[in-house]
Amino acid sequence: MPATITILEDRPRPASLDGAAKRLLIDGEWVDAASGKTFETIDPTTEEVLASAAAGDAEDIDRAVAAARRAFEQPSWRGMSPHDRTRLLLACAEQVEEKAEEMALLDALDNGTPHVQMQVMMERAAEVFRYYAGWPTKIFGATSPSAGTMFNYTVREPVGVCGGIIPWNNPVLMATWKIAGALACGNTVVLKPAEQTPLSAGVLGQALMDAGVPAGAVNIVTGFGETAGAALAAHRDVDKIAFTGSTETGRRILEASTGNLKRVTLELGGKSPNVIFPDADLDAAAEAAARGFCRLSGQVCAAATRVFVHESIADEFVEALAAQAAGYTPGDPFDPASKIGPLVSAEQFDRVTSYLDAGHGEGAEAKTGGGAFEGRGFFVAPTVFDAVSNEMKIAREEIFGPVGSVIRFGDEQEAVRLANDTSYGLAAAVWTRDLATAHRVSKALQAGTVWVNTVGPQDPILPFGGYKQSGLGREHGAEAVEMYTETKTVMVQL
Ligand code: NAP
Ligand code: MG
């Protein structure tokens, strides 16, 4: 393992970096924070300051929520024809594509994910808008059976002003998750990006305005969770909060919602199991299992970090897994050879390395990696821990780094029991060629998504969210439309 990472000296400087300090989008205008304050965001590869962003707080949230309320009540927004709303969302997708490279550069700099992977995320971000563009013409209520003297039916109406609070691991994609569904259902939005990655949201906001999203329908307030985020979560005139982030913060958001009983959806952490049976295609399983916790340096809520391997194949599988994980070469996000970049911040670096220490301390055996790199950048080595028990700290807590733990099992029942023995339930995977085993185990796993003979794919067509402490409600699919609408029952006496 080389001691340091080679940092490229020639770093791109996207044009929008220079206007970043004035980046609150409120009522269709780019404005400073009311306080005039800004904060610095760091390039995690170089550890140098990348830019300053506006530090919005409660006062800016008030302005943004008021703008979102006015926009929500505009007859032109509420009464927009479903066909026009579809066209608007399709135009958003096109504008996201138009500005994709600018956003991919900003996010690769600001969050450290390899540039080529951020480019793929921008394609997915555009796809999210295209998916939701199909919905406005398909949101129906129902007529109900009733006595001849009554005519009863339901209609689905937008919830109102929706707050979106997002993390730093996939900034633009997470923003589209909070915006596209809300707009498709006729809501308006106030978005609070993560303090570690405040830059790309501004470009996204401009893309949406260029697409024709009316002033106030999407507002963006960069700033800190404790100020801007908390103010949004507690705001009495916000009708719904959609949050992605840690379980701990999710709990705070739920508590803050009680003032006006706003609707809350939460996408939280995970400790997702990946169960490998001996009859599986073991080459494919090892490749996917490594991807499951190495991709994006493991900074993925659904990362499959607990790899359960049948004892009869465990030694051989661990070798293959370690070799695959070692192939996730850390490096500068702009070096085409890099498979993963640094972690997002010094805080996350300290957190992840403290888990590596805990793993060594508890007697787990690092088959590859197990440490961090010296020198500039928040780089840690992709790590496979063997000889892990499900009770160890590294098997119980979300690490959010490229760290996988191998836990051996004897039979299917034991595998399922251990896989479910966690406070989380976001995702799970099972590898087998036996159809009955695949379906039986899928049924038994307590997780919002179960992958069979694959790890990690997501599609906005399908609902995504967590069992247990991994979340509340679902994003995407028809479930998302339910989450962004209220049902009104109308009873007519004839
Ligand atoms: P976090 O605190 O949950 O941050 C997520 C978002 O919530 C950010 O925009 C944050 O603002 C905001 N926030 C923080 N406190 C808030 C509050 N009291 N009220 C309203 N909003 C608030 O996560 P983190 O501190 O960045 O990361 C810590 C750990 O969370 C990670 O190590 C990882 O385990 C987990 N995590 C999970 C996911 C996921 O996708 N499930 C994503 C990120 C992190 P600031 O940016 O200013 O803090
Ligand atoms: Mg934070």
Side-chain angles (χ1 to χ4, degrees), residues 37 39-42 44 53-58 61 110-111 113 163-171 173-175 177-178 190-199 201 220-235 238 241-257 259 262 264-272 293 295-303 305 343-355 378 380 393-394 396-403 423-427 448-449 456 458 464-466 468-472 475:
K37 287 187 186 152
F39 65 102
E40 289 176 339
T41 182
I42 306 286
D57 61 23
I61 290 290
D110 209 5
N111 130 319
T113 296
I165 301 177
I166 56 171
W168 38 261
N169 49 353
N170 210 333
L173 190 66
M174 287 297 113
W177 284 28
K178 304 305 180 214
V190 177
L191 180 80
K192 206 297 278 177
E195 66 181 77
Q196 294 86 348
T197 53
L199 302 176
I220 298 170
V221 179
T222 50
F224 298 106
E226 296 72 24
T227 51
L232 186 58
H235 205 289
V238 170
I241 293 280
F243 169 78
T244 300
S246 64
T247 296
E248 190 190 334
T249 302
R251 209 170 265 127
R252 270 198 218 116
I253 285 180
L254 195 56
E255 280 162 13
S257 72
K262 56 175 69 65
V264 178
T265 47
L266 304 172
E267 295 296 343
L268 307 175
K271 198 71 204 174
S272 297
F293 58 82
R295 192 173 68 92
L296 302 181
S297 296
Q299 301 173 119
V300 176
C301 50
T305 49
L343 300 174
V344 73
S345 64
E347 196 184 346
Q348 286 303 112
F349 179 84
D350 291 345
R351 205 184 138 102
V352 172
T353 49
S354 82
Y355 279 109
F378 306 126
V380 299
K393 189 177 161 92
I394 53 168
R396 302 213 73 81
E397 297 179 18
E398 185 172 49
I399 298 177
F400 237 58
V403 185
S423 57
Y424 293 115
L426 192 54
T449 296
Q458 278 179 24
F464 180 74
K468 300 194 267 184
Q469 292 181 40
S470 284
L472 205 61
E475 291 191 293

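Since the model is a prediction, treat every value here as computed from it, not as a measurement. Both ligands and their constituent atoms are indexed starting at 1 by order of listing. We count residues from 1, following the sequence as given. Every heavy atom of this structure was used, including side-chain atoms; hydrogens, water molecules and symmetry mates were not.
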Show, in sequence, the C-alpha distance, side-chain angles and deciding distance for Phe400 and Val344, and conclude whether the side-chain contact (heavy atoms from CB on, under 4.5 Å) test is met.
CA-CA 10 Å; Phe400 237 58; Val344 73; over 6 Å; no
Could you say whether the N/O atoms of Ile253 and ligand 1 ever approach to under 3.5 Å? no
Restricting to heavy atoms, the pick from Ala228, Gly229, Pro193 nearest atom 20 (C) of ligand 1 would be Gly229
Note: heavy atom closest to atom 37 (C) of ligand 1, options Phe400, Tyr424, Trp168, belongs to Phe400
Per-atom filter on ligand 1: closer than 4.0 angstrom to a heavy atom of Leu268 are 41 (N)
The atoms of ligand 1 lying under 4.0 Å from a heavy atom of Ala230, numbered in the order shown, are 19 (N), 20 (C)
The atoms of ligand 1 lying under 4.0 Å from a heavy atom of Gln348, numbered in the order shown, are 27 (O), 28 (C), 31 (C), 32 (O)
Do the side chain of Lys393 and the main chain of Tyr355 share a donor and acceptor less than 3.5 angstrom apart?
no
Note: heavy atom closest to atom 3 (O) of ligand 1, options Ser246, Gly269, Pro171, belongs to Ser246
Under 4.0 Å between heavy atoms, the region of Val300 that gets near ligand 1 turns out to be neither
In ligand 1, the atoms that come under 4.0 Å of a heavy atom of Phe224 are 47 (O)
Ligand 1 atoms nearer than 4.0 angstrom to some heavy atom of Pro167 are 42 (C), 43 (C)
| query | Going through the distances and angles, do Lys468 and Ser423 end up as a side-chain contact (heavy atoms from CB on, under 4.5 Å)? | reply | CA-CA 6 Å; Lys468 300 194 267 184; Ser423 57; 6.0 Å; no
Note: Ile166, heavy atoms under 4.0 Å from ligand 1, region reported as backbone
So for Arg351 against ligand 1, with non-hydrogen atoms under 4.0 Å, the contacting part is side chain
Hey, are the side chains of Asn170 and Leu296 touching, using non-hydrogen atoms and a 4.5 Å cut-off? yes
*When the ring planes of Phe464 and Trp177 are compared, do they come out parallel, tilted or perpendicular, using 30° and 60° as the limits?*
perpendicular
- prompt: Could you go step by step and tell me if Arg351 and Glu347 meet the salt bridge (Lys or Arg N to Asp or Glu O under 4.0 Å) rule?
  reply: CA-CA 6 Å; Arg351 205 184 138 102; Glu347 196 184 346; over 6 Å; no
If we number the atoms of ligand 1 from 1 as shown, the ones under 4.0 Å from a heavy atom of Thr244 are 5 (C), 40 (O)
Taking the side chain from Lys271 and the backbone from Glu397, do they hold a donor-acceptor pair closer than 3.5 Å? yes
Checking heavy-atom distances from atom 46 (O) of ligand 1 to each of Glu195, Glu398, Glu226, Glu267, the winner is Glu195
Numbered in order shown, the ligand 1 atoms found under 4.0 Å of a heavy atom of Asn169 are 40 (O), 42 (C)
**Study point:** Check: Gln196 side chain, Ser345 main-chain N or O, donor-acceptor pair, under 3.5 Å
**Key:** no
Quick look: Gln299 vs ligand 1, heavy-atom contacts under 4.0 Å, and the answer is neither
**OP:** Determine the interplanar angle of the Phe39 and Phe224 rings, folded into 0 to 90°, and report it as parallel if under 30°, tilted if 30 to 60°, perpendicular if over 60°.
**Re:** tilted
Out of Gly225, Gly401, Cys301, the nearest non-hydrogen contact to atom 41 (N) of ligand 1 is supplied by Cys301
Return yes if some donor-acceptor pair links the side-chain N/O of Ser272 with the main-chain N/O of Ala427 below 3.5 Å, else return no.
-> yes
Near Ile165 (heavy-atom distance under 4.0 Å), the atoms of ligand 1 are 6 (C), 7 (O), 9 (O), 12 (C), 20 (C), 21 (N)
Between Pro171 and the options Thr113, Asn111, Asp110, the side chain to side chain contact (heavy atoms under 4.5 Å, CB included) test singles out Asn111
